[in-house]
Amino acid sequence: MYQEWGSRPLGGRAVVWTRTAGAGPQRVLPDGCTDVIWSDAGSDGGAAGALFVAGPDTRAHLAQGPPGTRWIGLRFAPGTGPAVLGVPAYELRDQRVPLAALWPGAEVRRLAERLAEEAARSADPGRGAVPSGDAVPGRGGGGRLGGPGRALEAVALERLRRAEPPDPAVGAVLAGLSRGRSVAEVAAAVGLGQRQLHRRSLAAFGYGPKTLARVLRLNRALDAARAGTAFAEVAALAGYADQAHLAREVKALTGVPLGRLLA
């Protein structure tokens, strides 16, 4: 079961989500985002669970754990993660990295212990948990989560306050590519040469603008397909040459055909 909702403190820069593992792996699709994730099943069996980072993916990742394992995450919009995590996004591309490899170990242990305690309170309303955040329908339904989500939001917000000002080009690049503009058009709009744009995109998004454009186009196509749009029309709306092009790109980025992905 999967649930997500927008982060009020972080505005459009992040969403909070939770997932409970079922019997098989869950296909996580590339979306240009970076996540900080807490799992109640720690890699060493510790009671505080485990904290790790999922970097921006270039292909689908199969997430799995013992049935009943719970994950709680904060997913940063493309270009936001580096300011929170303190490393360029390309260092995390297609990686799952312990948070302690990026932040001081003592800080990570305190955060993991706090999340474990807050998760226990959320699971037991009698312990005084206060729900937080507006539920948004996700792939598995809607719901509310209290303390764990707030704890992740608070840490991220504090790190964003201490971070260097964001690259002013990042938002414009993301907006242009999200609208389906070409890399050349986006480079011209932000006043950068294509090599400069590629270098700055690697740091902000984890990959170059052409790969980011493919990932964003995939997600536009999936949104249209999930709404019931015919595949041929999906291809035209999302900017593919034809339906065959759509099919090739979906298979390349997700590992399965579009029909199976939507089943």
Going from CG on L192 to OG on S201, what distance comes out if it is rounded to the nearest 0.5 angstrom?
-> 8.5 Å
Can a salt bridge be assigned to the pair R159 and E107 using a cut-off of 4.0 Å between side-chain N and carboxylate O?
-> yes
With a 4.5 Å limit on heavy-atom distance, are the side chains of L222 and V234 in contact?
-> no
Can D57 and L253 be said to form a side chain to side chain contact (heavy atoms under 4.5 Å, CB included), step by step?
-> CA-CA 9 Å; D57 291 325; L253 291 171; over 6 Å; no
Would you find a donor on one side and an acceptor on the other, under 3.5 Å apart, between the side chain of Q196 and the backbone of G193?
-> yes
Test: R96 and D35 ion pair at under 4.0 Å = no
Atom CZ in R226, atom CG in L261: separation rounded to 0.5 Å?
-> 6.5 Å
Counting only N and O atoms by type, is there a donor-acceptor contact under 3.5 Å from the side chain of T69 to the main-chain atoms of A21?
-> no
Looking only at heavy atoms, which two atoms of G206 and A89 are closest? And how far apart?
-> N-CB, 3.2 Å
L197, Y90: one ILVMFWY side-chain cluster at the under-4.5 Å cut-off?
-> no
Side-chain (E185) to main-chain (S182) donor-acceptor, under 3.5 angstrom | yes
Do L202 and V53 share a hydrophobic cluster (ILVMFWY, side-chain heavy atoms under 4.5 Å, transitive)?
-> no
Here the gap from R150 atom CZ to R114 atom CZ, rounded to the nearest 0.5 Å, amounts to 8.5 Å
Report the residue from L212, V215, L92 that forms a side chain to side chain contact (heavy atoms under 4.5 Å, CB included) with P56.
-> L92
Min side-chain heavy-atom separation L262-F231 under 4.5 Å | yes
Should E158 and R162 count as an ion pair when the cut-off is N to O under 4.0 Å?
-> yes
At what distance, to the nearest 0.5 angstrom, does CD of E113 lie from CZ of R109?
-> 8.0 Å
Can you check whether T58's main-chain N or O pairs, donor with acceptor, with D94's side chain at less than 3.5 Å?
-> yes
Within 45 degrees of the axis of the six-membered ring of Y240 and under 6.0 Å from its centre: does R217 put its NZ or CZ there?
-> yes
Determine yes or no for a side-chain-to-main-chain donor-acceptor pair under 3.5 angstrom, with R220 supplying the side chain and A238 the backbone.
-> yes
What about V183 and V170, same hydrophobic cluster or not, with Ile/Leu/Val/Met/Phe/Trp/Tyr joined at side-chain heavy-atom distances under 4.5 Å?
-> yes
Going only through I, L, V, M, F, W and Y residues with side-chain contacts under 4.5 Å, is there a path from L237 to L216?
-> no
Looking only at non-hydrogen atoms, find the nearest pair between A119 and R70 and report the distance.
-> O-NH1, 3.8 Å
Main-chain N/O of W71 paired with T18 side-chain donor or acceptor, under 3.5 Å = yes
To the nearest 0.5 Å, atom CZ of R19 lies from atom CD of Q3 at 10.5 Å
Between the OG1 atom in T254 and the CD atom in E249, the distance rounded to the nearest 0.5 Å is 10.5 Å
When every non-hydrogen atom of V15 is compared with those of G6, the smallest separation belongs to CG1-CA, 4.1 Å
For Y207 and G32, indicate whether the former's side chain and the latter's backbone hold a donor-acceptor pair under 3.5 Å.
-> yes
For I72 and L115, run side chain to side chain contact (heavy atoms under 4.5 Å, CB included): C-alpha distance rounded to whole Å, both residues' side-chain angles, the deciding distance at 0.1 Å, then the answer.
-> CA-CA 9 Å; I72 298 169; L115 289 167; 5.7 Å; no
For D242 and H245, indicate whether the former's side chain and the latter's backbone hold a donor-acceptor pair under 3.5 Å.
-> yes
For the residue pair A172 and V190, what are the closest heavy atoms and their distance?
-> CB-CG1, 3.6 Å
For Q194 and A184, which heavy atoms make the closest approach, and how far apart are they?
-> NE2-CB, 3.7 Å
Smallest separation among heavy atoms of C33 and P78, with atom names = SG-CD, 3.8 Å
Does the side chain of E91 come within less than 4.5 Å of V97's, by heavy atoms?
-> no
Verify side chain to side chain contact (heavy atoms under 4.5 Å, CB included) between L174 and F205, making sure each step is shown before the conclusion.
-> CA-CA 9 Å; L174 180 61; F205 307 116; 4.2 Å; yes
Establish whether V84 and V108 are linked, either directly or via other cluster members, by ILVMFWY side-chain heavy-atom contacts under 4.5 Å.
-> yes
Under a 4.5 Å cut-off applied to non-hydrogen side-chain atoms, are R75 and D31 in contact?
-> yes
Please lay out, stage by stage, how T80 and T34 fare under the test side chain to side chain contact (heavy atoms under 4.5 Å, CB included).
-> CA-CA 8 Å; T80 302; T34 302; over 6 Å; no
R260 side chain to P257 backbone, donor-acceptor under 3.5 Å | no
Within the distance-only criterion (no hydrogens, no angle test), does the side chain of N219 pair as donor or acceptor with the backbone N or O of P30 below 3.5 angstrom?
-> yes
Should V16 and L10 count as side-chain neighbours, where that means a heavy-atom distance under 4.5 Å?
-> no
